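Working notes for the structure below.
Fair warning: this is a prediction, and the values are worked out from it, not measured in the lab.
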Amino acid sequence: MEAVIWGMPAVNFDRMLQAAIANGAKPNQVVYWSRPVNALNQTLTPNPDTIYLNPFYDTRAGPVVLEIPPADEAGVIVGSVDNAWQNALEDVGPAGADKGKGAKYLITPPRYTEQPPAGYIVLPSDTYQGFVILRSNFKSRSDADMAAAVEYGKRIKIHPLGANPENTVYVDVYDKPFDATIPYDWRFFESLHRFIQVEPWLTRDKVMIDQLQSIGIEKGKPFNPDGKTKSNLDEAAREARAEIDMRYAELFDPPYFSGTRWAVPASPPVVEGMGTGFADPNDYPVAERAVSYAMGYFSAKHLGAGQFYLMSFQDPAGRQFNGQNTYRLTVPPNAPVSQYWSATAYDRQTHALIRGTSHSSRASNSPDMQPNADGSVDIFFGPQAPAGKESNWVPTNGRDFEVLFRFYGPEKPIFEKTWALPDIERVSAQ
């Protein structure tokens, strides 16, 4: 159980990397989705209202260069560079180190001692592997605007130091199975073993070396559990999942907006620690970190600078969202964002997009959304659209769900709480 809780962000990363490899990608290439992701993308709580570009870096052969284009009329790239533990090395884009001017970032491997060349923003990584989560936002959902966002995104380059940036390889995985959900069985430990073979032990984690050896995970040795051991590992993973789910519910007390069911889907110690590499010598919130990486991926260096997130899974009465019922979220007018907002439904059990749905979200950049007379917007969640509200509806396919509300380009009223989201209310029950 302790291995599952401690290793959650590592296995989360490895699951994404293996899904990329299964789709023909290699490290130091740009994995991208040529249209907004659909439910074949089974990463944890992805955003279906943007164009994703996700390079996976590998510095075992030496430093890797990431080139981010400047923001201009053609587009803007926002995102973060994370190591394999998903600790943020830096943010990129207008809210990042390049301030929207574009830059060449140099990701260096652990214990790198050479003098980096001039002209780079140097990002020392304490893991050999990692990934970059980048979003190329489109102006509308027209085919032309989405194609333009993809084309702008392909100005991103990734390559070994000294290689030709024009040789960057782009691998389109749109509409292909990309399963990075967490396996709560013996396969979790198989993934963790794969991670341990590549990455160096961090000082903060060395206490786990003996514990992992006791269940057959050891650097330099194969992982070959027999049938009885697999059964024990299956049971441990299930028990860890139950504990993580219990702690998930605890995140919502106290709520972000007083009297509501909305909360930031990560505790303050985790938000701070993931951005600083857990620099506080007296704090290492491993269990709380497991909660966050059981339901999502990536961390930002400065949460709130370029994006902000709130999660809800209960109605005002404290009842969990039932996918057989219909619910309504009324987004107040004048949402304080400089880019856009979105509300996305995820499967409560897997924290991925609900399989088999035609779409998973509604956003302020959805062209057919019907606003109310006062400028507010009603979004409905349920198995069927209310009459006349198809354009404002998010299908649930009968699955119990949770909702993540995203603010891109968040502004002061969110943090000062002078603008607030009301609860998602049940309007009909089956």
Side-chain angles (χ1 to χ4, degrees), residues 35-38 45-51 75-76 78 135-146 148-149 255-257 259-262 306-316 321 323 325-346 353-354 357-396 401-428:
R35 294 183 68 84
V37 298
N38 58 24
T45 58
N47 179 0
D49 295 291
T50 191
I51 295 296
V76 59
V78 296
R135 309 171 198 88
S136 180
N137 294 331
F138 39 77
K139 297 175 182 178
S140 78
R141 282 187 170 266
S142 71
D143 288 344
D145 279 348
M146 286 193 284
Y256 185 74
F257 299 118
T260 73
R261 300 289 178 173
W262 291 101
Q307 63 275 310
F308 191 67
Y309 309 98
L310 292 173
M311 178 82 86
S312 183
F313 74 108
Q314 295 175 315
D315 68 14
F321 298 144
N325 300 334
T326 299
Y327 298 82
R328 178 182 60 223
L329 168 64
T330 299
V331 182
N334 305 312
V337 292
S338 61
Q339 297 177 33
Y340 70 98
W341 58 257
S342 68
T344 308
Y346 300 98
L353 295 174
I354 298 170
T357 52
S358 58
H359 60 282
S360 303
S361 69
R362 295 286 84 183
S364 57
N365 59 6
S366 299
D368 53 351
M369 285 260 284
Q370 302 174 27
N372 299 321
D374 64 354
S376 64
V377 177
D378 290 334
I379 302 175
F380 295 89
F381 304 88
Q384 296 178 332
K389 299 295 184 181
E390 289 80 6
S391 62
N392 289 39
W393 166 65
V394 177
T396 60
F401 65 99
E402 61 200 0
V403 174
L404 186 64
F405 199 95
R406 291 176 165 89
F407 304 85
Y408 284 106
E411 297 174 339
K412 283 185 179 181
I414 296 170
F415 307 110
E416 295 173 348
K417 302 182 182 179
T418 55
W419 183 96
L421 275 177
D423 275 329
I424 298 173
E425 298 184 321
R426 190 175 73 178
V427 295
S428 68

Check the pair Asp49, Arg141 against side-chain contact (heavy atoms from CB on, under 4.5 Å), reporting the backbone distance first and the verdict last.
CA-CA 9 Å; Asp49 295 291; Arg141 282 187 170 266; 2.4 Å; yes

Can you name the residues that form a salt bridge (Lys or Arg N to Asp or Glu O under 4.0 Å) with Arg328, not counting sequence neighbours?
Glu425

Contact summary for [X] and [Y], nearest pair of heavy atoms:
| X | Y | result |
| --- | --- | --- |
| Pro383 | Trp393 | O-CZ2, 3.6 Å |
| Pro316 | Asp423 | CG-CB, 3.6 Å |
| Pro395 | Thr357 | O-CG2, 3.7 Å |

Under 3.5 Å: donor-acceptor pair, side chain of Thr396, backbone of Gly323:
yes

With no hydrogens and no angle check, is any side-chain donor or acceptor of Asp374 less than 3.5 Å from a backbone partner on Ser376?
yes

All side chain to side chain donor-acceptor pair (under 3.5 Å) counterparts of Ser364, not counting sequence neighbours
none

Taking side chain as C-beta onward, heavy atoms only, is Pro332 less than 4.5 Å from Pro422?
yes

Quick check for you: to the nearest 0.5 Å, what is the distance between [X] atom [atom1] and [Y] atom [atom2]?
| X | Y | atom1 | atom2 | value |
| --- | --- | --- | --- | --- |
| Asn365 | Ser140 | CG | OG | 8.5 Å |
| Ser361 | Arg406 | OG | CZ | 8.5 Å |
| Leu421 | Phe405 | CG | CZ | 4.5 Å |
| Phe401 | Ser360 | CZ | OG | 12.5 Å |

Applying ring pair (Phe, Tyr, Trp, His ring centres under 6.0 Å), can you list everything that pairs with Tyr256, at least two apart in sequence or on another chain?
Phe308

For Trp262, all residues meeting ring pair (Phe, Tyr, Trp, His ring centres under 6.0 Å), sequence neighbours excluded:
none

Test Leu310 against Phe407 for side-chain contact (heavy atoms from CB on, under 4.5 Å), laying out the working first.
CA-CA 9 Å; Leu310 292 173; Phe407 304 85; 3.9 Å; yes

Which pairs, with at least one residue in residues 329-343 and sequence neighbours excluded, count as a side-chain hydrogen bond (donor to acceptor under 3.5 Å, both in side chains)?
Asn47-Tyr340, Asn137-Gln339, Thr330-Asp378

May I have all residue pairs that pass side-chain hydrogen bond (donor to acceptor under 3.5 Å, both in side chains) and include part of residues 383-392, sequence neighbours excluded?
Gln370-Ser391

Taking only residues two or more places apart in sequence or in another chain, which ones pass side-chain contact (heavy atoms from CB on, under 4.5 Å) with [X]?
| X | answer |
| --- | --- |
| Asp315 | Ala317, Arg319, Phe321, Tyr327, Arg426 |
| Val37 | Trp33, Asn41, Pro46, Pro48, Tyr52, Leu353 |
| Glu402 | Thr45, Tyr248, Met311, Phe313, Tyr346, Arg348, His351 |
| Arg362 | His359, Ser366, Asp368, Met369, Ile379, Val394 |

Evaluate side-chain contact (heavy atoms from CB on, under 4.5 Å) for Ile424 paired with Val403, printing each intermediate quantity in order.
CA-CA 9 Å; Ile424 298 173; Val403 174; 3.7 Å; yes

